[in-house]
Amino acid sequence: MSLIRPLSGRKPAITLPKGAIDTQMHAYMPGYPAVPGGPNLPVGDLPTPEQYRQFMDWIGIDRVIVTQGMAHQRDNANLIASLERFGDIAWGVASLDAGTSEAELDRLSAARVRGARIMNLPGGATDLTKLEEVDAIAASRDWMIAVQFDGSDILDHEERLAKLKSRWVLDHHGKFFCGVTPESPQVQATKRLIDGGRCWFKFAGVYESSKSGAPEFADVAAVARAIAAYAPERIVWGSNWPHNMARAQADYPDDVALTDTVLGWLPDDAARKRALVDNPEELFGIPPAGDR
């Protein structure tokens, strides 16, 4: 199936701050096929680190968090290879569980992995049944956890999430598939979790859960603005490149419009510096840009 990912063009109207970190993307290297249990590799040309570096230059990104894609399940070899190719601008989030050996965890740490992934949606490698075991591993290494599930059910999981020992981020705008407003119980639960001091909230992949849709994504925007106003020190942002759910050109988002729209939900440049630089440095435990 033919799909072309634009890697250049007009620049975003919003200038990203120096040291900006994209906290949500995937990269793929040749020679690492999809493994059973997950989806296929993205369609079109393989979205490699070399392609993503062009995307960084275009959008204005300086650093990146590479998240293990579902196609590789808990085989993190592609992630490690991608991190090696990126060098010191990149850190990783791996898929693992209690069966992951200490030797493998050491290997991941040496490769600049700084987090673990919980993906409780179809095709995910490590679901919420493994939350506590992944938390124990992450806490032992001072890693974070990226947690993604249908946020409609967040009240069912709130007690467990509140007990996490690790820093963690609620992924993809919470993925409230049921549809929520700033006053909804699910959003109030999110605020309570943020108040616990270990929870962050990620702006990424808005098109995956918005019911009102492009170009404004007004439903998700209202919640995003409310949470950003409530806890500006807990917002991070991700491009969600290479938009793996897009299976045809018509489904592929306009990255510049998406960047401007989502970052426009933050009130000013100071808030954007916080969300794109300061907050992700704290969440992922990575050094300030000038210290690399």
Side-chain angles (χ1 to χ4, degrees), residues 11-27 49 52-67 82-83 86-93 111-117 138 142-148 166-174 190 193-194 197-206 220-221 223-241 255-292:
K11 294 278 191 177
I14 292 176
T15 300
L16 276 62
K18 183 178 180 180
I21 301 171
D22 180 353
T23 69
Q24 180 68 37
M25 60 77 68
H26 309 286
Y52 181 76
R53 279 187 174 274
Q54 295 179 62
F55 178 81
M56 294 177 79
D57 291 343
W58 177 28
I59 301 299
I61 298 160
D62 293 316
R63 296 177 288 170
V64 60
I65 306 297
V66 186
T67 298
S82 295
L83 290 171
F86 275 121
D88 68 358
I89 65 166
W91 295 262
V93 174
R112 299 167 64 89
V113 166
R114 296 295 180 267
R117 187 181 198 196
D142 195 28
W143 291 356
M144 56 75 70
I145 309 173
V147 183
Q148 188 173 159
S166 310
R167 302 179 303 278
W168 66 280
V169 64
L170 183 61
D171 242 331
H172 282 56
H173 296 278
T190 301
L193 289 165
I194 289 171
R198 289 183 295 277
C199 174
W200 277 251
F201 187 86
K202 186 188 292 178
F203 286 17
V206 57
V220 175
V223 172
R225 288 191 179 104
I227 294 178
Y230 183 79
E233 76 284 2
R234 287 293 181 264
I235 304 301
V236 296
W237 167 84
S239 69
N240 211 36
W241 191 90
D255 281 300
V256 168
L258 194 62
T259 300
D260 282 334
T261 296
V262 174
L263 293 183
W265 299 338
L266 299 170
D268 52 32
D269 288 342
R272 285 186 279 273
K273 179 182 180 295
R274 216 168 183 180
L276 275 68
V277 180
D278 303 332
N279 296 348
E281 287 177 349
E282 182 180 0
L283 171 61
F284 291 93
I286 59 179
D291 293 351
R292 293 208 312 274

Look up atom [atom1] in [X] and atom [atom2] in [Y], then write down how far apart they are to the nearest 0.5 Å.
| X | Y | atom1 | atom2 | value |
| --- | --- | --- | --- | --- |
| D269 | R274 | CG | CZ | 14.5 Å |
| R225 | F203 | CZ | CZ | 9.0 Å |
| W200 | L170 | CH2 | CG | 13.0 Å |
| I59 | Q54 | CD1 | CD | 12.0 Å |

Side chain to side chain contact (heavy atoms under 4.5 Å, CB included) between N240 and L258, worked out: CA-CA 10 Å; N240 211 36; L258 194 62; over 6 Å; no
Donor-acceptor pair, [X] side chain versus [Y] backbone, under 3.5 Å?
| X | Y | result |
| --- | --- | --- |
| R272 | P17 | no |
| R112 | D88 | yes |
| K11 | W58 | yes |
| R63 | G19 | yes |
| R114 | L283 | no |
| D171 | A146 | no |

Are side-chain heavy atoms of [X] and [Y] found at a separation under 4.5 Å?
| X | Y | answer |
| --- | --- | --- |
| L83 | V113 | yes |
| V223 | H173 | no |
| I89 | D62 | no |
| T67 | Q24 | yes |
| V66 | M25 | yes |
| I286 | P280 | no |
| F201 | R234 | no |

Over all atoms of both residues, closest heavy-atom pair of [X] and [Y]:
| X | Y | value |
| --- | --- | --- |
| I227 | I235 | CG2-CD1, 3.9 Å |
| A228 | L266 | CB-CD2, 3.8 Å |
| L193 | C199 | O-CB, 3.4 Å |
| V206 | W265 | CG2-CH2, 3.7 Å |
| L16 | G60 | CB-O, 3.5 Å |
| M144 | F284 | SD-CE2, 3.5 Å |

Can you tell me how the ring of W241 sits relative to the ring of Y52, calling it parallel under 30°, perpendicular over 60° and tilted otherwise? tilted
Neighbour count above 12 (heavy atom, 6.0 Å) for K18 NZ: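 Count not over threshold, so no.
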